[in-house]
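The block underneath contains the structure these notes are about, expressed in C-alpha cells.
Please read all numbers here as calculations on a predicted model, not as lab measurements. Note: hydrogens, waters and symmetry copies are ignored here, and every other heavy atom, side chains too, is used.
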Amino acid sequence: MKLLQPDTLIRNPTALPIVASVVVSCSASRLWGMVGQFSGFDAFIPELSHIEMMGSGVGALRTKFFRDGNRVVEQLNSRDEQAMHMTWTTIYNTLGVARLWAAIQVEALEAKRSKVMWTIITEPTERASAGFEQFVQSFANSALDNVRRMLS
C-alpha cells in the first residue's frame, strides 16, 4: 500500500497584481474601521447580500453571499491592526476563480486624508478567462469608490 503524503489544493496565484486605490477625506483609523473588518465588506460592496463568519482572527473563514446567488469562501491569512493591513485567500467560489490572494491596506496621508489600497492577485478558471482581469479591476474600483463616497 502506498503511504499517503501531505497535499493541498490551495496554491498562491502567480498572475500580475490588480490594484485599486482611493484617497478618502477622513482619518486612517476611520477608513480602517470600514475596510479593515474582514466580516464587514457587505457594508461597501452592494453586490453582497450578507457575510457569514466561522471563527475569528487569523484563520477565520468568511462566506460572502452575492445577491445573484454566487458564493465565495475566504480565509483570513494575516491582519495587523496597528499597521492597518490584512490578507486573505479564496478557498471556494462559484465565480470562476481558480486562485485568489488579496490584501487591503490603509495609509494616513494627513490628519483628515487617508488612502486605501486593495491588491488582488487572481487566476480565472478556463471558463471565465475572457475579460476576467477587467471584471476584477472594475469590481474593486467600484467597491473603493463606495468607501470614498460613504466616508468623505
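We find that Lys112 and Glu110 are not joined by a salt bridge, their nearest charged nitrogen and carboxylate oxygen being 4.0 Å or further apart.
A distance-only check finds no donor-acceptor pair linking the side chain of Thr90 to the backbone of Tyr92 [under 3.5 Å]. At least one donor-acceptor pair under 3.5 Å links the side chain of Thr122 to the backbone N or O of Arg99. A donor-acceptor pair under 3.5 Å links the side-chain atoms of Ser114 to the main chain of Cys26, judged by distance alone.
Both Ile45 and Met53 are part of a single hydrophobic cluster, where members link through side-chain heavy atoms under 4.5 Å apart. In the hydrophobic clustering of ILVMFWY residues, with side-chain heavy atoms under 4.5 Å counting as a link, Phe38 and Val73 come out apart. Connection of Val35 to Met117 is not established within any shared hydrophobic cluster, with ILVMFWY side chains joined at heavy-atom distances below 4.5 Å, either directly or through further cluster members.
A donor-acceptor pair shorter than 3.5 Å cannot be found between the side chains of Thr63 and Glu52. A donor-acceptor contact closer than 3.5 angstrom links the side chains of Glu81 and Trp32. With 3.5 Å as the limit, one finds a donor-acceptor pair spanning the side chains of Thr14 and Glu123.
Judged by a 6.0 Å distance limit and a 45° cone about the ring axis, Arg71 is not positioned over the six-membered ring of Phe65. Judged by a 6.0 Å distance limit and a 45° cone about the ring axis, Arg62 is positioned over the six-membered ring of Trp88.
Each of Met86, His85, Lys115 was checked for a side chain to side chain contact (heavy atoms under 4.5 Å, CB included) with Gln105, and the lone residue meeting it is His85.
Within 6.0 Å of the CZ atom in Arg149, the count of heavy atoms belonging to other residues, nucleotides or ligands exceeds 12.
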